[in-house]
A.B. asks: 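I have a structure here, written as structure tokens, and I will follow up with some questions on it.
FYI, the numbering just counts along the sequence from 1.
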Amino acid sequence: MHEAYEVVPIVQKLPPGLSIETISAYDDYLLVGTKSGTLLLYQLVPSLKPGSKPGSSQYEVKLLKSNKAFSKKSITQLQVIPDFQMLICLADSTVTAFDLSQFNLQTIATLPKTKGAHYFTVSVQKHKSLTGEVKLSFRLCVAVKKKLQLYYWKPKDLKFLEFSQDLSLRDVPRTIVWCGESLCIGYKAEYSLMKVTGDPKDLFPTGGKQQEPLVALLPNNQLAVGSDEQTILIDSEGNPTLKYSIKWSEVPVALVHDSPYLIAVLPNSVEVRPIEPRIHVQSIDLQKTKTIVTSKRGWIFAASNSDVWLLHAVNFPEQITQLLSQKQFELALHMAEMTNECEMEKQQLVQRIENLNAFYLFCKQSFKEAMDLFLKLETDPSHVIGLFPNLLPDEFRSSLEYPDRLPNLQGTELENGLLALTDYLVEVRHRLKSDNTGNVPSMTAIMEAGKTKIRSKKQLLQIIDTTLLKCYLQTNDALVASLLRVKDNYCHIDESERALKQHQKYSELIILYNKKGMHRKALELLMRQAKKQDSPLKGHERTIAYLQHLGVEHLDLIFEFAKWVIKEHPEDGLKIFAEDLAETENLPRNQVLIYLSETEYDLVIPYLEFIIHKWGEENNVFHNTLVNKYCERILFLLKEYRNALPEGHPSAPAGQEPGELGELRTKLLIFLEESKHYIVERFATYMMNKGLYDEGAIVLGRLGRHEEALTIYIHILQNFAKAENYCRKNYCKDKPGNQDVYLMLLKLYLPSPDNQKINIPVVGNIPQPEPDIDRAISILKQYADEIDSFKALSLLPSFIPVSAVKDFLECVLHNIQAQKYDVQLKKSLLYAEHLQVQAKSIHFHSYKLIVTDLDMCRVCQKRIGKSAFAHFPTGVTVHYSCKDQYALES
């Protein structure tokens, strides 16, 4: 409770014979109507009496008029209409209007039809025209027994006119209040709502204790309707406007509204309560009060039979101070919005109250409501974060000011608070990121004197993101990684690092280092944790994945930290440089090759295979290097293999050796066949000198030295199937160098003069082969179509009988005959085609078209004349420009 109104005695103990029946007031004036018909008019003039306390309300009361002959009978009801300078009076059961601007209260209008009236109510409404001009209208409702008479005031004629027929009621009304287009009527036992058109609507009973119905008009066409100890708020349609009723200590006798309060006259006191929140503000000890009216905001007159008091509102700033001390923020806020301060000062006051409200909501552990309010007020997030323990650095938090001691949050309370803080910070972050300006947003401190310490938008985002990280660590650590992976997270490195280490979140710490570009620290941590059994970073896989994504700008770092992985896990370590990732693919391959050669030589071949076969590397340096590495490794393994063979045991064919040797030779043979990017000239002699004859033959073939390659297959390797397969691969009828490969093969099977032998380096003792006439004849038979018969016959020794080459000669003659028949057939077909063309030419030349001046275009219906034209096979002739349209139509 606090003191909202102070009591100022106005009239004390009227002279004998005078008893107050009704009062009315406007501005500084008070009208008192007595039971004897006397009308008293008072004026209140402010004055400060000696000895009175500063700020107290003191007035000099002047009796301006005492009209004993105002009415012969009791003055039942008075109502001042200030906008029209009019006094409406119900006396002697008749309603009369008086001119307030005249000292003698000259009568304006008397309503004789109202004879027998016992109650009236008025309605003054403002209307805005299309031009923006505001006009006032004044209506009057008079209750005469069970009827309501409705009038409106016509200023030009200075008289009241009826605007509808009388409204019939089911009972005599005890009270009436005009609200919008409705009349709220209180009967003895119930309330009803009636439109001015006459449509009634029953509301609810008056209650069992209440002797008289009680209705008061509120702003915005609302009504306060009494029902025993409670008051219900409704609109002009009868719908409740408040979820709850306002409850009083006793059954009210009279009721008025003075924003933000409702003031009720109780049997032994006057009680003050706001509409919201539901609290008891003040009880004023005024005995035997029976009526109460308002004059202007903050002025309420209460009267008994002989006394009148002014309830003067304590100034709002003083009330607000009292309310804040009692933590009644809702009412203080409502009152702050009603102050007469300038707009800026009013906003500052409202902001201060709302911040205090939010702070105490937090202290009551209403965390969500507090955070929503902080968000609405745009309170400095660092001040909000400072409400919680261990989220801000101690030095920074100690510099923040708060209205009261902060609660010691622990356990579930702390977790609930952190969850609400998380939602708050996420929303603040979203708003900051949506603001494309780099300016620091306007923020307020919780304490009026407190100042925000944020100097930049980046600093604010850093505080928010770091706090979000700490909140997630305590409430939902699964979200930590997601926050750290945000592209533009602003987590403070030292604070975040300390928090993550405290909670042993090493995986998330790696993400932090990575996003902040602290790759060395990340890799050092990965290396330390790799061998710890209980670490989530155990093993080398995380280091490999990290190095794979660093990219060429961190090549030195990759080389440095790849060493321990490659030394301990060579095959997996190769993935650092050979994996289908954009960063890995863009690494400088020549530098990687040099690095692998120096670090782990056995990875050179797998690396070269990967970049050539997977990434399609075409640089001849890498192709040449791969061939060299294959050869080096093969020669080493080949030496071991041959040394392990029993004496006299022949070696297996190339590529069929056991184990790694066979695999490597197969790879080399395939690579030499398929690759187009190694320098062929470099390897022929080298391979011959090293005894790699299969490989040398492929290289010689690539050089076009087919006879030397076939010599290797026939004379050195003595692999006749490979020789024939070589010819099949390289034979090309239209390529000069490859036309005679079968002839070369034939020649190698036949005896040759010594001066025609090809000199090929031979390793070891390889016996010289003897001529093989049977194979030569077999080649002639099998590949007769691919061999030049005249050259072949010239190579055959004279001692070979004709019968031996009979099949070859028959095949040659058959081919010649087939070629002859083919040429004759083509000649006949061409001649027939020539005749057909001649026949068509004669046919077309025999047709002629004559276009005269009378011929019309089928499309545009104009003469063709000398214009360009088109003639269709159907016989239709049109303009050339119309041909497409005719084609579409037809």
Side-chain angles (χ1 to χ4, degrees), residues 10-11 14 18-44 61 63-111 114-124 138-144 149 151 153 160 173-178 212 214-217 253-257 265 289-296 299-311:
I10 301 300
V11 178
L14 287 177
L18 294 180
S19 177
I20 298 173
E21 178 66 20
T22 183
I23 61 173
S24 184
Y26 69 101
D27 295 335
D28 299 332
Y29 298 93
L30 170 68
L31 289 97
V32 178
T34 66
K35 290 183 179 181
S36 61
T38 301
L39 179 67
L40 304 173
L41 175 61
Y42 296 92
Q43 182 182 16
L44 279 66
V61 181
L63 178 61
L64 299 181
K65 187 176 183 61
S66 176
N67 190 345
K68 296 180 180 180
F70 185 78
S71 175
K72 295 178 181 180
K73 294 186 179 181
S74 174
I75 301 174
T76 308
Q77 190 178 356
L78 292 172
Q79 178 69 56
V80 175
I81 316 299
D83 295 318
F84 291 87
Q85 283 293 294
M86 188 182 296
L87 171 64
I88 308 297
C89 175
L90 174 59
D92 197 12
S93 300
T94 303
V95 175
T96 307
F98 299 92
D99 187 354
L100 270 179
S101 63
Q102 300 293 327
F103 183 76
N104 59 353
L105 296 178
Q106 182 180 349
T107 303
I108 298 175
T110 301
L111 302 174
T114 62
K115 188 63 179 178
H118 61 275
Y119 200 86
F120 72 84
T121 183
V122 299
S123 172
V124 178
F138 170 39
R139 296 182 293 179
L140 173 67
C141 173
V142 182
V144 181
Q149 298 174 10
Y151 300 90
W153 174 247
F160 285 98
R174 301 295 185 91
T175 186
I176 307 170
V177 173
W178 201 320
E212 292 293 331
L214 184 61
V215 182
L217 182 63
V253 176
L255 184 69
V256 293
H257 176 260
V265 175
T289 305
K290 66 175 185 177
T291 185
I292 189 168
V293 296
T294 59
S295 170
K296 55 186 176 181
W299 280 41
I300 293 93
F301 289 96
S304 65
N305 287 333
S306 59
D307 300 306
V308 179
W309 302 274
L310 171 63
L311 305 184

A.B. asks: Using a 4.5 Å cut-off on heavy atoms from C-beta on, say whether the side chain of Leu111 contacts that of Leu140.
C.D. replies: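 Sidechains of Leu111 and Leu140: in contact.
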A.B. asks: Looking at CD1 of Ile20 and NZ of Lys35, how far apart are the two atoms once the value is rounded to the nearest 0.5 Å?
C.D. replies: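 Answer rounded to 0.5 Å: 10.5 Å.
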A.B. asks: Does Thr294 reach the side chain of His257, with side-chain heavy atoms less than 4.5 Å apart?
C.D. replies: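 No - every pair of side-chain heavy atoms lies 4.5 Å or more apart.
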A.B. asks: Begin with the C-alpha distance, continue with both residues' side-chain angles, and end with the deciding distance and a verdict on side chain to side chain contact (heavy atoms under 4.5 Å, CB included) for Thr76 and Tyr119.
C.D. replies: CA-CA 8 Å; Thr76 308; Tyr119 200 86; over 6 Å; no
A.B. asks: When rounded to the nearest 0.5 angstrom, what is the spacing between CD in Gln77 and CD1 in Ile23?
C.D. replies: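 Gln77 CD to Ile23 CD1: 12.5 Å, rounded to 0.5 Å.
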A.B. asks: How about Phe301 and Tyr42: are their ring centres within less than 6.0 Å of each other?
C.D. replies: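 Between Phe301 and Tyr42, the centre distance exceeds or equals 6.0 Å.
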A.B. asks: Side chain to side chain contact (heavy atoms under 4.5 Å, CB included), that's the test. Do Leu39 and Phe98 meet it? Break it down for me.
C.D. replies: CA-CA 12 Å; Leu39 179 67; Phe98 299 92; over 6 Å; no
A.B. asks: Side-chain contact test, heavy atoms from C-beta onward, threshold under 4.5 Å: evaluate it for Trp309 versus Thr289 and give yes or no.
C.D. replies: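 When only atoms from C-beta onward are counted, Thr289 and Trp309 do touch, with a gap below 4.5 Å.
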A.B. asks: Any side-chain heavy atom of Asp27 within less than 4.5 Å of one from Pro82?
C.D. replies: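 They are not in contact (no side-chain heavy atoms under 4.5 Å apart), so the answer is no.
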A.B. asks: Considering all heavy atoms of both residues, which atom of Val293 and which atom of Val256 are nearest to each other, and what is their separation?
C.D. replies: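 Smallest interatomic distance, heavy atoms only, reads CA-CG1, 4.1 Å.
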A.B. asks: How would you list, by chain and number, every residue that makes a side-chain hydrogen bond (donor to acceptor under 3.5 Å, both in side chains) with Gln149, sequence neighbours excluded?
C.D. replies: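 With neighbours one apart ignored, the set is Tyr151.
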A.B. asks: Hey, does Leu40 have a side-chain heavy atom less than 4.5 Å from the side chain of Leu14?
C.D. replies: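 Contact flag for Leu14/Leu40 side chains = yes.
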A.B. asks: Applying side chain to side chain contact (heavy atoms under 4.5 Å, CB included) to Thr114 and Phe120, what does each step give before you reach the verdict?
C.D. replies: CA-CA 10 Å; Thr114 62; Phe120 72 84; over 6 Å; no
A.B. asks: Go through Ile108 and Trp153 one step at a time and tell me if the side chain to side chain contact (heavy atoms under 4.5 Å, CB included) criterion holds.
C.D. replies: CA-CA 11 Å; Ile108 298 175; Trp153 174 247; 3.3 Å; yes
A.B. asks: How long is the gap from CG on Leu311 to OG on Ser295, to the nearest 0.5 Å?
C.D. replies: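 Spacing of CG (Leu311) from OG (Ser295) equals 12.0 Å.
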A.B. asks: Taking the side chain as every heavy atom from C-beta outward, state whether Phe160 and Val95 have any atom pair closer than 4.5 Å.
C.D. replies: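 They are not in side-chain contact.
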A.B. asks: Can you measure from CD (Glu21) to OG (Ser74) and round to the nearest 0.5 angstrom?
C.D. replies: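 If we round to the nearest 0.5 Å, Glu21:CD and Ser74:OG are 4.0 Å apart.
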A.B. asks: About how many Å separate CG of Leu18 and OG of Ser36, when rounded to the nearest 0.5 Å?
C.D. replies: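 Result: 5.0 Å between the selected atoms.
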A.B. asks: Ignoring hydrogens and angles, tell me if any N or O in the side chain of Ser71 forms a donor-acceptor pair with the backbone of Ile75 under 3.5 Å.
C.D. replies: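 Not a single qualifying donor-acceptor pair exists.
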A.B. asks: Should the heavy atoms of other residues, nucleotides or ligands under 6.0 Å from NZ of Lys73 be counted, would the total exceed 12?
C.D. replies: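 No, not enclosed.
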A.B. asks: How long is the gap from CG on Leu90 to NE2 on His118, to the nearest 0.5 Å?
C.D. replies: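 It is 9.0 Å, given to the nearest 0.5 Å.
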A.B. asks: If you look at every heavy atom in Leu100 and Val80, which pair is closest and at what distance?
C.D. replies: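 So the two residues come closest at CD1-CG1, 3.3 Å.
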A.B. asks: For a quick test of reading the model, state the closest non-hydrogen atom pair linking Thr121 to Trp178 and the distance between them.
C.D. replies: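 Minimum heavy-atom contact is OG1-N, 3.3 Å.
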A.B. asks: Indicate yes or no: at least one non-hydrogen side-chain atom of Leu78 is less than 4.5 angstrom from one of Cys89.
C.D. replies: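 Answer yes - side chains close enough.
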A.B. asks: For the residue pair Asp28 and Lys296, establish whether any side-chain heavy-atom pair is separated by less than 4.5 Å.
C.D. replies: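 The answer is yes; the side chains approach within 4.5 Å.
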A.B. asks: For the residue pair Thr34 and Thr38, what are the closest heavy atoms and their distance?
C.D. replies: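 Looks like OG1-N, 2.9 Å.
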